[in-house]
Each structure stands twice: as C-alpha cells, then as structure tokens.
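The analysis underlying the following values was restricted to heavy atoms, covering all of them including side chains, and did not include hydrogens, waters or symmetry mates. We count residues from 1, following the sequence as given.
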Amino acid sequence: EILTPALLNGAASFLIIHNHPHGETKPSRDDMNFTVRLESAASAVGLIMVEHLVYAEGELYPIMKGVKIHLADSIEYDEVQNDV
C-alpha cells in the first residue's frame, strides 16, 4: 500500500509521516521496526526511503535521522535506541 503509489508514479524516493495522538513524538519499537522493514522493501524495488516522520502537537521526529525537530525552528538532538 505504501510502495505501490510511488512505483506507479515513477518516484525515485519517498517519505512517510504518521501521527501520535497521545502527544509524544518519540518513536515506539514498532515504529522503528516498521521503518527498518519498509526501508529494506523499498530498496529491494529500487526506491529510496528519505524519512519516516512522527508528528505530535506541532513537533516532528525524523526516525531515520534520530533528530527531534520542533516546528518552531529549534532543534534538539535525542538519542535513538537502535536495538531493533
């Protein structure tokens, strides 16, 4: 469902974003595992997954970069557990 539209439209790369309604942008273990699996599947069909963003209450967390970006233009660096 995610890769098909990119492939059908001739995309070379893509990014995905999802929200955390509970207000915490830190990715869950499931988010991290899904990111790894999706990036691997994308690579297998010649697509580049640029990023997987988590959005909550005006903040974005780029899972693949491990950097927490505040939409108010400040940046905080977080440690991301890579125990996937």
Side-chain angles (χ1 to χ4, degrees):
E1 291 179 28
I2 295 171
L3 300 180
T4 300
L7 290 167
L8 291 175
N9 287 289
S13 61
F14 69 99
L15 65 87
I16 62 170
I17 184 169
H18 80 276
N19 69 320
H20 279 184
H22 55 75
E24 176 61 46
T25 58
K26 187 171 183 176
S28 67
R29 180 177 297 269
D30 286 342
D31 292 336
M32 299 288 285
N33 288 335
F34 176 78
T35 301
V36 169
R37 288 191 319 270
L38 184 58
E39 184 180 29
S40 177
S43 179
V45 295
L47 290 172
I48 298 168
M49 183 173 166
V50 176
E51 188 57 84
H52 178 184
L53 299 165
V54 178
Y55 174 82
E57 296 185 11
E59 296 182 356
L60 288 171
Y61 191 109
I63 293 175
M64 294 173 68
K65 302 288 187 239
V67 176
K68 190 175 188 180
I69 300 174
H70 294 270
L71 298 181
D73 295 327
S74 64
I75 298 176
E76 293 179 14
Y77 294 91
D78 284 342
E79 293 292 323
V80 175
Q81 296 284 334
N82 288 324
D83 58 354
V84 179

Practice problem: State, with a plain yes or no, whether a side-chain heavy atom of Leu15 is found less than 4.5 Å away from one of Met49. | Solution: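 Not touching, per the 4.5 Å side-chain cut-off.
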
Quiz item: Of all heavy-atom pairs between Glu51 and Ile63, which one has the smallest distance, and what is that distance?
Solution: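 Looking at all heavy atoms of both residues, the closest pair is OE2-N, 3.2 Å.
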
N/O donor-acceptor pairs under 3.5 Å from side chains in residues 4-13, not counting sequence neighbours:
{"residue": "Asn9", "atom": "ND2", "partner": "Pro5", "partner atom": "O", "Å": "2.8"}

Quiz prompt | Gap between atom NE2 of His20 and atom OG1 of Thr25 - 0.5 Å precision | solution =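 The OG1 atom of Thr25 sits 8.5 Å away from the NE2 atom of His20.
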
Self-check item: Donor-acceptor contact below 3.5 Å, side chain Glu24 vs main chain Lys26
Solution: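 A pair under 3.5 Å: yes.
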
Quiz prompt | Check: Asp30 main-chain N/O paired with Asn33 side-chain donor or acceptor under 3.5 Å | solution =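 No, because the side chain of Asn33 does not come within donor-acceptor range (under 3.5 Å) of the backbone of Asp30.
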
Self-check item: Which residues share a side chain to side chain contact (heavy atoms under 4.5 Å, CB included) with Ala41, sequence neighbours left out
Solution: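 Ala41 satisfies side chain to side chain contact (heavy atoms under 4.5 Å, CB included) with Leu3 only.
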
Self-check item: For Ile2, side chain to side chain contact (heavy atoms under 4.5 Å, CB included) partners two or more places apart
Solution: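 Ile2: side chain to side chain contact (heavy atoms under 4.5 Å, CB included) contacts with Phe14, Ile16, Phe34, Leu38.
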
Quiz item: What pairs of residues pass the side-chain hydrogen bond (donor to acceptor under 3.5 Å, both in side chains) test when at least one of them lies in residues 34-45, not counting sequence neighbours?
Solution: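 Every pair satisfying side-chain hydrogen bond (donor to acceptor under 3.5 Å, both in side chains) with a residue in residues 34-45: Thr35-His52.
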
